[in-house]
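Read the structure below first, then the notes.
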Amino acid sequence: GLFPNQPRQGFSSSTNIAMRAVLAVVAAFVACAVAQEVEEGVLVGTVDNFDQIISDNEFVLAEFYAPWCGHCKALAPEYAKAATALADEGSPIKLVKVDATIHEKLGERFEVRGYPTLKWFKNGKALDYGGGRTSPDILAWVKKKSGPAALAIATVADATSKIIDPNEVGIIGFFSSESDAEAEAFKSAAGDIDLVFGITTAADVASEYGVSAPAIVLFKKFDEGKVVFDGDFTSAAIAKFVSGNQLPLLVEFSDAVAPKIFGGEIKTHLLLFADKAADNFADLSTAMTETAKENRGDVIAVHIDTSKEDNARILEFFGLGAGDVPAVRLINMEEDMAKYKPDSSDITAESLKAFVADYKSGNLKKHLMSQETPADWDAKPVKVLTGGNFADVAKDTKSFALVEFYAPWCGHCKQLVPVWDKLAEKFEGVDNVVIAKLDSTANELEDVQIQSFPTIKLFPAGDDQTPIDYEGARTLKGFVDFLNEKTGSKIELAAEDLAGEDAAAEEEDYGNYEEESGDYAEDEAPVHEDL
């Protein structure tokens with residue numbers, strides 16, 4: 001006030017103590033309120049409050065995102081819907097989001113390599129999220145992870161409210177006793193699959209759905225709506241049944257469904273590249289659906305809508321242009337992403353069934369993409385390799401070839417260009433050393449598989465053609481030292497050659513990050529995405 005040094009009238013020391021206690025409580029309440037900021041039902045996580053959120057809640061799903069990430073923007077409304085639904089149900093499960101571009105320490109702590117990254121916390125222990133990116137998928141996954149392998153179903157109303165109505169896909173097992181061998185196999189399979197399962201011993205519930213114990217029925221909101229299991233009651237057979245029926249016979253690719261496609265048990269994908277608005281799309285769709293039905297459990301049929309810009313990278317991955325569609329390809333995700341191409345461009349149920357049958361019987365050769373070798377491929381210090389000239393150049397027993405396998409869109413590859421050019425200039429007068437590059441998005445090799453960009457390999461001279469992976473610093477000095485050691489060359493660098501090398505190395509090593517070739521469609525934006 002006006003007289004700051006004067007004691008305030010009417011406040012005893014005990015009153016001061018009481019006031020301080022009240023203020024402390026208020027301050028704690030305010031701090032708690034700030035720490036528990038909520039946006040559209042989703043808790044906002046920060047470096048300051050994240051540990052508290054995790055310790056206060058048994059079950060937490062956390063999304064680490066970047067504001068500029070397109071995949072994160074697509075996920076946001078679905079994530080908010082899921083959070084709101086959980087809150088409305090009074091669920092103990094909490095959804096949190098963390099802007100990892102601001103709270104970088106949290107991103108580093110939980111090894112966030114791409115956006116969005118989702119982590120599931122149960123009693124403080126972090127696990128990778130393995131569900132889809134739609135609200136129903138998120139809800140089904142978190143409920144499964146926080147509850148029993150199979151929910152108890154006592155009545156038809158239970159079956160409807162717990163399994164059939166709220167879930168895109170739900171499975172109910174009907175048994176005489178939960179201790180039966182068939183029921184045990186069912187529960188074992190249920191525990192390993194991220195879908196909602198129910199189990200019942202009520203005969204009237206089984207009768208309602210036209211089955212009798214033991215039986216398993218998969219309910220889904222697409223295709224035929226309901227499928228009855230007709231295999232042996234083993235956990236493996238049940239898992240295969242669920243895997244073959246949890247997606248539509250022909251599923252349209254999207255960011256939301258990508259985790260189900262890539263994360264499922266079925267690794268052979270039959271892909272249709274076609275414009276959904278094309279006049280003949282209905283016929284193409286029918287042909288794919290019939291083929292998928294005949295190969296259910298072994299092959300997933302996927303439609304890539306070529307009219308969507310987001311799918312351009314997928315066409316590029318398969319070496320397809322706008323003039324090449326409609327087209328069909330088959331890919332095995334476990335055989336180093338092996339691709340197969342039909343002999344005919346006809347897309348009918350008959351031709352597709354024969355194509356898949358030939359693949360399953362081992363009668364198809366891998367389809368390897370290759371660009372035409374340019375006439376001036378060796379005109380510059382850096383030699384340009386394709387599928388056509390790779391063996392002649394890289395596997396020439398008279399010379400060593402250091403090859404960069406790159407992708408045109410890879411930011412780290414772009415950063416490497418001036419270093420690679422300078423390296424080639426330094427070795428231009430060395431007869432037995434070749435510096436080369438190969439666009440791995442357009443050229444595939446039978447015996448060289450590339451998992452990330454850039455990948456650099458030295459193909460030695462002599463009879464032993466086993467390539468040597470380069471794992472050193474991506475600097476001129478690093479490459480020169482490596483080549484001098486491996487090839488016996490004696491290239492020396494001047495002081496001006498080394499200017500800025502340390503800074504470049506530090507920037508390159510940040511996060512030790514490489515851009516993965518990954519699946520045929522990326523469903524994460526890299527942490528160091530080019531903008």
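Values in this document were obtained by computation on a predicted structure and should not be read as measured data. Basis for what follows: all heavy atoms, side chains included, without hydrogens, waters or symmetry-related copies.
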Applying side chain to side chain contact (heavy atoms under 4.5 Å, CB included) to I266 and not counting sequence neighbours gives S243, I300
Residues in side-chain hydrogen bond (donor to acceptor under 3.5 Å, both in side chains) with Q52, at least two apart?
-> D56
Validation row: F317, I331 side chains within 4.5 angstrom (heavy atoms) = yes
Can you name the residues that form a salt bridge (Lys or Arg N to Asp or Glu O under 4.0 Å) with D137, not counting sequence neighbours?
-> K260
Point-to-point distance, once rounded to the nearest 0.5 Å, from CZ of F453 to SG of C410 | 7.5 Å
Would you be so kind as to tabulate the donor-acceptor pairs closer than 3.5 Å made by side chains of residues 57-66, with sequence neighbours excluded?
from	atom 1	to	atom 2	distance (Å)
N57	ND2	I53	O	2.8

Less than 4.5 Å apart, any side-chain heavy atom of K383 and any of V403?
-> no
S161: what forms a side chain to side chain contact (heavy atoms under 4.5 Å, CB included) with it, not counting sequence neighbours?
-> none
Which class fits the ring pair F50 and F121: parallel under 30°, tilted 30 to 60°, perpendicular over 60°?
-> perpendicular
Residue pairs passing the ring-ring contact (aromatic ring centres under 6.0 Å, His included) test where at least one lies in residues 81-107, sequence neighbours excluded = none
pair D497-K426: side-chain heavy atoms closer than 4.5 Å | yes
Pairs involving residues 186-199, ordered by first then second residue, that meet side-chain hydrogen bond (donor to acceptor under 3.5 Å, both in side chains) (sequence neighbours left out) = W141-D194, K145-D194
For K267, check side-chain hydrogen bond (donor to acceptor under 3.5 Å, both in side chains) against everything at least two apart and list the hits.
-> none
How long is the gap from CG on D223 to CG on L249, to the nearest 0.5 Å?
-> 4.0 Å
For Y129, what residues pass the side-chain hydrogen bond (donor to acceptor under 3.5 Å, both in side chains) criterion, not counting sequence neighbours?
-> none
Who pairs with F427 by side chain to side chain contact (heavy atoms under 4.5 Å, CB included), at least two apart in sequence or on another chain?
-> L423, V430, V433, I435, V480, L483, N484, S489, I491
Salt bridge or not for D324 and R329, using N-O below 4.0 Å?
-> no
Report yes if the side chains of R133 and E78 come closer than 4.5 Å at any heavy-atom pair, otherwise no.
-> no
Does K221 use its side chain to pair, donor to acceptor, with the backbone of N167 at less than 3.5 Å?
-> yes
How about K122 and L127: do any of their side-chain heavy atoms sit closer than 4.5 Å?
-> no
Value for CG (D421) from CG (L476), rounded to nearest 0.5 Å, stands at 11.0 Å
Is L139 close to V196 at the side-chain level, that is, under 4.5 Å between some pair of heavy atoms?
-> no
Is there side-chain contact between I171 and I193, with at least one heavy-atom pair below 4.5 Å?
-> no
Could you state the interatomic distance from OG1 (T441) to CD1 (I450), rounded to the nearest 0.5 Å?
-> 12.0 Å
Can you name the residues that form a side-chain hydrogen bond (donor to acceptor under 3.5 Å, both in side chains) with E39, not counting sequence neighbours?
-> K97
State which residues pass side chain to side chain contact (heavy atoms under 4.5 Å, CB included) with T386; sequence neighbours excluded, sorted by chain then number.
-> S370, Q371, T373, P374, N389, N443
Given side chains that start at C-beta, do those of H303 and V251 come closer than 4.5 Å, heavy atoms only?
-> no
Mind telling me whether F479 and W420 have parallel, tilted or perpendicular rings, with 30° and 60° as the class edges?
-> perpendicular
Identified side chain to side chain contact (heavy atoms under 4.5 Å, CB included) partner of T306 from the options I314, L315, L272, L320 | L315
CD (E40) and OH (Y79) are apart, to the nearest 0.5 Å, by 13.0 Å
